[in-house]
Amino acid sequence: MATPDQKSPNVLLQNLCCRILGRSEADVAQQFQYAVRVIGSNFAPTVERDEFLVAEKIKKELLKNKWSILYLLLSLSEDPRKQPNKVSSYAALFAQALPRDAHSTPYYYARPQTLPLNYQDRSTQSTQSAGSMGSSGVSSISVYTLNGPTPTPQSLLPGQPHHAPGVGDCLRQQLGSRLAWTLTTNQPSSQITTSKGIPNTVSRNVTRPRREGDAGGAGEVTEAALVRDILYVFQGIDGKNIKMSTTENCYKVEAKANLSKSLRDTAVRLAELGWLHNKIRKYTDQRSLDRSFGLVGQSFCAALHQELKEYYRLLSVLHSQLQLEDDQGVNLGLENSLTLRRLLVWTYDPKIRLKTLAALVDHCQGRKGGELASAVHAYTKTGDPYVRSLVQHILSLVSHPVLSFLYRWIYDGELEDTYHEFFVASDPAVKTDRLWQDKYTLRKSMIPSFITMDQSRKVLLIGKSINFLHQVCHDQTPTTKMIAVTQSADSPQDAADVFTDLENAFRGKIDAAYFETSKYLLDVLNRKYSLLDHMQAVRRYLLLGQGDFIRHLMDLLKPELVRPATTLYQHNLTGILETAVRATNAQFDSPEILKRLDVRLLEVSPGDTGWDVFSLDYHVDGPIATVFTRECMSHYLRVFNFLWRAKRMEYILTDIRKGHMCNAKLLRNMPEFSGVLHHCHILASEMVHFIHQMQYYITFEVLECSWDELWNKVQQAQDLDHIIAAHEVFLDTIISRCLLDTDSRALLNQLRAVFDQIIELQNTQDAIYRAALEELQRRLQFEEKKKQHEIEGRWGVTAAEEEEENKRIQEFRESIPKMCSQLRILTHFYQGIVQQFLVLLTTSSDESLRFLSFRLDFNEHYEAREPRLRVSLGSRGRRGSHT
């Protein structure tokens, strides 16, 4: 066994220096003297980075000879003259107590009550002398006095004995404490690397057994007094030496307090918990009584209160420890007493939690409802698992009201949102007929960030469909028969489970409710209210798809519509409409459809005829009116008037061709009139070609193609919104391609001018034919009179009658050039309008309109007269794309 001289701290320290430096005893004399001064002094850096770097360097050097150093520490902690039977010896501390105490505040679910405070040996330890007093293996580096560093122990100076009574024991305890702390400061289990090099023990007058009267002298503040102040500050209460500065909004140690910089810095760092506590508490106190904050806000306040409750439990443990030390007279510096350093370690995790909560409070200022839930959810996107678990727990509490709103809405169609927190808004002033369009809308600012826009749209549609079925369709089928109702978020734990599987479980619930509700609604609309049948009826009657009915209706209405508009009576026109229905295939439609078909007279302008004001109407009500809204029916009315006018032009040209063919045979005996007939025939043929191409374009390229797209979309629609959107796209397309939108106003004006020229041709030709037929009738009468006189044996005509007949014939022949002139003028105006119309078509952005210009001028008849039309197909396309 080694002798006391061989195991003395002096010899062992010198051996340690030789082993580290790899030199002889004579070569390390200078380093040995320096080591003695360092170990015997109260050396403590005031800069946090210095302590960390020094500790790291020491560890790197010492751990190269791990077992030798452990043996050295064991030797230093033992007194060769005594039996090592004390629990407080530093060999036992390093081997047992140090790993136990060197940890930070327990994790969230490990309550502060479980911290090992070890009260059992305090009564024994409190009776030890000042020379044998040790410091904590967790939070101390050396023994301090209030008046400055402790002088270097004489036992370590050269030539002095090392076993002076009462000094060697104290020195060994100091050395063991220093090395043990240095080796454990940066271990992974210890989370105190951010602390500054602050001494944790303050030498006291050992005659004082309690913490009362902590000041050691005038103006001096002990660490024990600071610990007591800090515990008050943790609760937001000012201490004797640490008070809240209203100007700087932080806790500050009073300037007059006599403290070292390290103690002052440590106290300020610990006081930050009080500032964070005040910030959170102020927010909860203000918002807890605010009813307008809503259920989500109250849940957030409750979550904050729950976290503060856990924080208060830690404070109660610390207060109990302090009270126990006061009752038992425990001196600061024993291994389990409260010190600033130990408070730094134990409050590390609570400080992180409070900082996170304070950041949430700042971020959630002025927010409520789903917007507040989004603000909390944003803090879950962090790489720190500790912070993420905390925020997720708070989010599960905050989002519970939102999910309760959501499940109540999608399963019952009920919206109980008193404080406007849910992202679905309801307008009670909206009537039932506008329920689908206007009553329920999305508050985009209230959509939680963990719910996508597509999911929020589905949520809106689910509840809206349920209310639409109940209020508009009068279908009182229970929701449980429409949707397979699953368990909703009845508790915060259920809400937390939802967040663990947002991509699957939550989305699955929304999708299932959406598909089942929408499918049931569409089935009701198609089966009970014949939505598709009504759409086809509108296509047949308002878009002139029932050709035989429209043609027969025009034939029956012609005598009425040629009259002035002010002389028309709606009941007469309604009777004609019923006659046309009974005489055509329209009679085979269902009575539900036919009773909705009606006649409508538009507003009359001066000079209007019946053709200008007549229109068909289709009455819609109930759920069908949700698709065929008033705006849609007004669009249908505009399209019908355009198609009716175009159909009338076709009808007029057909009458012109029929009159030309019939009259051409009658007027063969008037050879001087053949030129007029030829001119009329040429102009009518030109107009017929134009109208036929326009009718082809409107019927096939516009109506049929658009209708086919609409029908396919309706068949594939998943909800009522898809049908409404497809129907609106259909109407917008036909309005645009029928030149009824604002961008095509110039084209529509030119087309109406063409229609006017067709009507003008009809009037002109009727006047010419009427004059020609009257002349023909007079000539036939004159010839008949001659024959009659000859049969009676008289002269056929007298000279006066023959002269009068020749004069009349001459007048008629003189009127023929005037007729030709009228036709030439009409042709000139018509061709000029058509040329301008073609120019506008070639510059249109719609490709189908540009191709229409080629069909209208297939033989380049108008191109020869208009230089602007002399461009290639590619050039026309490029011009159209630039416009």
Side-chain angles (χ1 to χ4, degrees), residues 37-58 104 133 135-136 138-152 174 177-178 181-182 185-186 190-205 211 214-234 238-245 247-276 331-333 337-348 351:
R37 287 197 302 274
V38 170
I39 293 176
S41 69
N42 285 326
F43 177 82
T46 59
V47 181
E48 176 181 350
R49 183 173 178 82
D50 293 342
E51 176 191 354
F52 177 75
L53 293 177
V54 170
E56 285 295 323
K57 290 179 180 179
I58 294 175
S104 66
M133 186 184 303
S135 62
S136 170
V138 176
S139 309
S140 64
I141 293 179
S142 62
V143 178
Y144 267 65
T145 62
L146 292 175
N147 297 325
T150 304
T152 304
Q174 290 182 13
S177 175
R178 295 173 193 278
W181 172 253
T182 303
T185 300
N186 294 288
S190 176
Q191 300 177 0
I192 56 171
T193 57
T194 59
S195 62
K196 299 182 181 180
I198 302 173
N200 77 320
T201 57
V202 181
S203 63
R204 302 180 188 217
N205 187 351
R211 289 180 178 266
D214 292 307
E220 295 179 352
V221 179
T222 64
E223 184 175 0
L226 287 179
V227 169
R228 187 178 297 277
D229 278 3
I230 286 296
L231 292 183
Y232 282 112
V233 169
F234 284 170
D238 287 353
K240 293 182 179 179
N241 302 293
I242 305 176
K243 300 181 183 297
M244 170 63 75
S245 173
T247 57
E248 300 182 20
N249 189 26
C250 65
Y251 279 102
K252 298 186 67 175
V253 181
E254 289 188 344
K256 63 183 180 180
N258 186 4
L259 282 174
S260 65
K261 188 177 187 305
S262 59
L263 286 177
R264 186 180 296 272
D265 291 344
T266 305
V268 171
R269 288 175 59 193
L270 287 169
E272 185 181 354
L273 269 80
W275 183 86
L276 295 172
N331 283 319
L332 187 69
S337 61
L338 285 179
T339 63
L340 294 181
R341 170 85 53 179
R342 180 160 295 185
L343 286 180
L344 276 177
V345 174
W346 283 2
T347 58
Y348 180 80
K351 187 174 183 180

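Please read all numbers here as calculations on a predicted model, not as lab measurements.
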Which atom of Met244 lies closest to which atom of Asp238, heavy atoms considered: N-OD1, 3.2 Å

Stepwise side-chain contact (heavy atoms from CB on, under 4.5 Å) check, Leu226 with Leu259: CA-CA 10 Å; Leu226 287 179; Leu259 282 174; 3.6 Å; yes

Closest heavy-atom pair and its distance - Ala267, Val253: CB-CG2, 3.9 Å

Neighbour count >12 (heavy atoms, 6.0 Å) for atom NZ, Lys243: yes

Min side-chain heavy-atom separation Ile242-Glu254 under 4.5 Å: no

Separation between OG1 of Thr347 and CZ of Arg342, rounded to the nearest 0.5 Å: 12.5 Å

side-chain contact (heavy atoms from CB on, under 4.5 Å) assessment of Leu263 paired with Glu223: CA-CA 8 Å; Leu263 286 177; Glu223 184 175 0; 4.3 Å; yes

Residue pair Val233, Trp275: steps toward the side-chain contact (heavy atoms from CB on, under 4.5 Å) verdict: CA-CA 8 Å; Val233 169; Trp275 183 86; over 6 Å; no

Heavy-atom closest pair, residues Ala271 and Ile230: N-CD1, 4.1 Å

Smallest separation among heavy atoms of Ala257 and Asn241, with atom names: CB-OD1, 4.4 Å

Electrostatic pair Asp265-Lys261, nearest N-O below 4.0 angstrom: yes

With Lys252 via side-chain hydrogen bond (donor to acceptor under 3.5 Å, both in side chains) - residues at least two apart: Glu248

Flag, side chain of Arg228 to backbone of Lys240, donor-acceptor distance under 3.5 Å: no

Residue pair Leu338 / Leu343: nearest heavy atoms and the distance that separates them: CD2-CD2, 4.3 Å

